[in-house]
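Accompanying notes for the structure given below.
Below, all heavy atoms of this structure are taken into account, side chains as well, without hydrogens, waters or symmetry copies. In what follows, residues are counted from 1 in the order of the sequence shown.
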Amino acid sequence: MKTWAVATGHPLGTQAAERILRAGGNAVDAGVAAGLTLGVVQPDLVSVAGVAPIIMYDAATGAVTTQDGVGGWPAAADVDRMHRDHGDHVPEGILRTVIPAAPASWIKALSDHGTMTFAEVTQEALAAARDGFEVYPLLADFIASRHEKYARFPSTSAIFLPGGTPPRAGDIFVQADLAWTLTQMIDAEAACPGDRRAGLAAARAAFYEGPVAQKITAFHAENGGLLTAADLAGYAVRSEPSLPISFRGAQVHCCGAWCQGISMAETLAMIEAAGRDAARRDGRLNLHFLLEVLKRVFADREAHVTDPDYMQIRPEALLDPGFLADRLASIGDTSDPLPAPGPATGPDDDSAAPFRVGCADTTHVSVIDGAGNIFSATPSDPSYDTVVIPGTGLSVSSRGSQSRSIPGHLNALAPGKRPRLTPNPILALKDGKPWLALGTPGGDVQVQAMIQVLLHLLDGGMTADEAVRAPRVATYAFPGSFAPHSVHPNRVLFESDLDPAQVADLRARGHDLEPWPEMTWMAGGICLAMRDDTGATAVADPRRAGTAATGQS
């Protein structure tokens with residue numbers, strides 16, 4: 001019987017996790033190994049110095065832990081100045097840099113819940129950076145399609161446009177400076193033999209206080225950036241309670257309101273409150289109902305959700321049964337182009353802009369080990385919208401793109417304030433036993449894609465493979481999370497293999513439908529690991545070149 005399962009966004013990430021599990025490591029060891037590797041081999045979508053929100057289940061204690069894995073704005077951040085100089089939206093480049101969280105998040109998970117050293121879990125990441133890896137078509141296409149953006153900054157261009165041209169599929173992509181960064185951390189750990197946690201702390205210090213930090217802060221000081229040594233040295237990942245939602249007999253654990261976890265929780269709670277029949281129609285998903293639920297969830301997100309330290313309501317208020325009942329009562333038989341949020345609305349300053357499909361970042365790793373431990377993480381942050389720090393190979397977190405430079409706005413930037421993340425990994429238990437780890441890239445489509453997969457599994461009786469491959473729809477009738485935060489009332493995209501009868505029904509109900517462009521990254525990306533009494537299984541959506549593995553350790 002297969003006892004462990006891994007699904008990640010790239011084959012080398014899956015191989016890293018598989019090696020760790022076969023060597024006796026647990027789900028956290030394996031997940032961190034995969035996450036670090038993905039930061040190297042998916043450098044268009046993920047940064048070693050980006051964000052890394054994580055949710056974990058400890059089979060021995062039954063505890064579920066989340067780590068925010070997102071850094072706040074530097075102390076020098078000034079919304080009035082940003083607005084004066086750049087208008088309503090944080091510009092691309094060095095000014096949207098927030099404190100890099102991923103290294104601290106991986107190391108905290110490893111220190112608190114893992115069993116291995118930084119050097120042990122970094123083997124694949126270091127080799128891929130130092131020796132290179134084969135460029136795959138999605139990476140080649142991504143860089144080529146953003147050639148002008150990569151060309152803006154010499155340090156970025158030197159890595160992503162070698163010789164002035166985008167790499168081609170089959171080329172070997174080397175990141176020697178990124179290998180230097182990882183080596184600094186590995187060497188610092190090696191100076192603390194015999195004490196695993198002290199070694200991990202030393203590896204962390206090499207990044208946040210030592211030679212890596214010095215290169216980052218010197219570059220910011222010389223180029224008008226905001227990050228300082230104090231910002232980096234003072235950073236700490238937050239461990240926070242999860243939001244558990246009872247859904248179709250499973251207990252789904254979501255992250256908090258510092259990301260879309262609260263929106264995932266509200267979606268689950270609203271659909272559960274409506275009753276099982278509401279989400280099904282003619283033996284299939286009731287897509288109209290689902291889209292109307294999602295539009296209301298995203299209206300509530302825009303009005304209420306930000307870094308919880310700055311929220312004007314308690315996040316749990318969005319899960320109150322009375323609030324959910326009112327939201328459900330507002331759903332009719334035809335499309336509401338742009339639903340209003342629930343009570344206590346916030347500022348609304350967005351306007352329509354030319355339509356484009358989503359944002360361009362993020363990957364995922366799901367792991368369940370033989371003991372039943374679960375690790376689910378959604379690392380992120382792209383390289384095309386920021387400046388690589390010379391000598392480090394690091395595209396330091398540009399997550400400031402999700403903040404607003406509008407004084408008084410709910411999601412206005414402020415010193416120490418966390419941008420509201422889109423990445424939101426989940427995990428789930430059944431009958432108190434480990435069952436599922438799930439996540440996906442997709443920006444504002446993450447919640448939408450994951451809920452459809454869960455409904456296919458729990459209501460539709462699909463296998464994991466069928467649920468991941470089933471066609472999906474997504475609404476864009478809300479202000480987008482990323483600058484320029486455009487809103488598209490009534491707009492719905494659907495995958496081309498959706499049943500024509502369902503497409504016709506949605507159009508008849510007033511939805512403005514448009515097919516997803518073929519092979520866009522937004523259409524895929526789901527990574528799922530499952531475990532039950534018959535064994536473990538994992539599925540990764542092949543449309544995003546993800547891979548999965550199951551086995552015995």
Side-chain angles (χ1 to χ4, degrees), residues 248 263 266-268 270-302 324-342 350-358 442 444-462 466-480 486-520 522-524 543:
R248 305 297 199 252
S263 298
E266 184 184 355
T267 302
L268 291 164
M270 196 182 304
I271 293 173
E272 183 73 3
R276 190 178 290 266
D277 291 343
R280 303 288 292 175
R281 186 168 180 267
D282 299 328
R284 295 180 294 199
L285 280 184
N286 184 342
L287 294 178
H288 167 72
F289 170 76
L290 176 61
L291 288 165
E292 292 303 305
V293 166
L294 288 165
K295 284 192 277 188
R296 282 152 180 80
V297 168
F298 288 123
D300 295 338
R301 183 189 72 173
E302 180 66 13
L324 297 175
D326 287 344
R327 303 305 277 141
L328 287 166
S330 69
I331 295 175
D333 292 332
T334 58
S335 173
D336 185 339
L338 194 67
D350 293 283
S351 57
F355 185 69
R356 59 183 182 179
V357 179
D444 292 319
V445 179
Q446 289 185 34
V447 170
Q448 307 188 59
M450 288 194 286
I451 189 63
Q452 289 172 78
V453 170
L454 286 172
L455 286 169
H456 285 315
L457 288 170
L458 294 169
D459 283 357
M462 289 186 179
E466 290 169 339
V468 167
R469 291 174 181 267
R472 296 187 277 273
V473 299
T475 174
Y476 291 83
F478 51 85
S486 52
V487 56
H488 303 281
N490 220 37
R491 183 61 57 91
V492 173
L493 262 62
F494 66 94
E495 292 183 323
S496 59
D497 51 345
L498 185 66
D499 190 320
Q502 290 180 288
V503 175
D505 178 71
L506 290 174
R507 285 200 168 112
R509 293 175 184 274
H511 297 276
D512 179 9
L513 264 69
E514 183 177 320
W516 251 308
E518 286 295 322
M519 295 305 294
T520 58
M522 186 70 81
R543 291 169 292 187

Practice task
Tell me, please, which residues at least two apart from Arg276 pass salt bridge (charged side-chain N to carboxylate O under 4.0 Å, His left out).
Solution key: Asp459
Handout entry: Results of salt bridge (charged side-chain N to carboxylate O under 4.0 Å, His left out) for Arg327 - residues two or more places apart only
Key =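 Arg327: salt bridge (charged side-chain N to carboxylate O under 4.0 Å, His left out) contacts with Asp300.
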Problem - Asp497 atom CG, neighbour heavy-atom count above 12 within 6.0 Å - result: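 Yes - once you tally the heavy atoms of other residues, nucleotides and ligands closer than 6.0 Å, there are more than 12.
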Completion exercise
Residues at least two apart in sequence or cross-chain that pass side-chain contact (heavy atoms from CB on, under 4.5 Å) with Pro337, listed by chain then number, are Pro489, Asn490
Mind listing the closest non-hydrogen atom pair of [X] and [Y] along with its distance?
X: Asp512; Y: Arg491; result: OD2-NE, 3.4 Å
X: Leu285; Y: Gln452; result: CD1-CG, 4.2 Å
X: Phe289; Y: Ala279; result: CD2-CA, 4.0 Å
X: Leu291; Y: Leu506; result: CD1-CD2, 4.0 Å
X: Ser330; Y: Arg296; result: OG-NE, 2.6 Å
X: Ala299; Y: Pro339; result: CB-O, 3.5 Å

Exercise for the section: Given side chain to side chain contact (heavy atoms under 4.5 Å, CB included), test Leu287 with Arg281 step by step and report yes or no. Expected result: CA-CA 8 Å; Leu287 294 178; Arg281 186 168 180 267; over 6 Å; no
Exercise for the section: Report yes or no: does Gln448 contribute a side-chain atom to a donor-acceptor pair with the main-chain N or O of Thr475 at less than 3.5 Å? Expected result: yes
Problem - Glu495 side-chain N/O to Arg472 backbone N/O, donor-acceptor pair under 3.5 Å - result: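 Yes, Glu495 side chain to Arg472 backbone: donor-acceptor pair under 3.5 Å.
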Report the distance from atom [atom1] of [X] to atom [atom2] of [Y], rounding to the nearest 0.5 Å.
X: Ile451; Y: Leu268; atom1: CD1; atom2: CG; answer: 4.0 Å
X: Ser335; Y: Leu513; atom1: OG; atom2: CG; answer: 9.5 Å
X: Trp516; Y: Ser496; atom1: CH2; atom2: OG; answer: 10.5 Å
X: His488; Y: Glu514; atom1: NE2; atom2: CD; answer: 10.0 Å

Handout entry: Close side-chain approach of Met450 and Thr267, heavy atoms under 4.5 Å
Key =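 With C-beta onward as the side chain, the pair stays apart.
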Handout entry: Residue pair Asn286, Arg280: steps toward the side chain to side chain contact (heavy atoms under 4.5 Å, CB included) verdict
Key = CA-CA 5 Å; Asn286 184 342; Arg280 303 288 292 175; 5.8 Å; no
Practice task
For the pair Lys295 and Asp336, find out whether any cationic side-chain nitrogen is under 4.0 Å from an anionic carboxylate oxygen.
Solution key: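 Salt bridge absent between Lys295 and Asp336.
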Exercise for the section: In plain terms, say whether Asp444 and Arg301 are close enough for a salt bridge, that is, a side-chain N and a carboxylate O under 4.0 Å apart. Expected result: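 Salt bridge between Asp444 and Arg301, a charged N being under 4.0 Å from a carboxylate O: yes.
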Practice task
I would like to know whether Leu493 and Val473 meet side chain to side chain contact (heavy atoms under 4.5 Å, CB included); could you show each step before the answer?
Solution key: CA-CA 6 Å; Leu493 262 62; Val473 299; over 6 Å; no
Exercise for the section: Under the side chain to side chain contact (heavy atoms under 4.5 Å, CB included) rule, what do Leu455 and Arg248 come out as? Steps first, then yes or no, please. Expected result: CA-CA 9 Å; Leu455 286 169; Arg248 305 297 199 252; 4.1 Å; yes
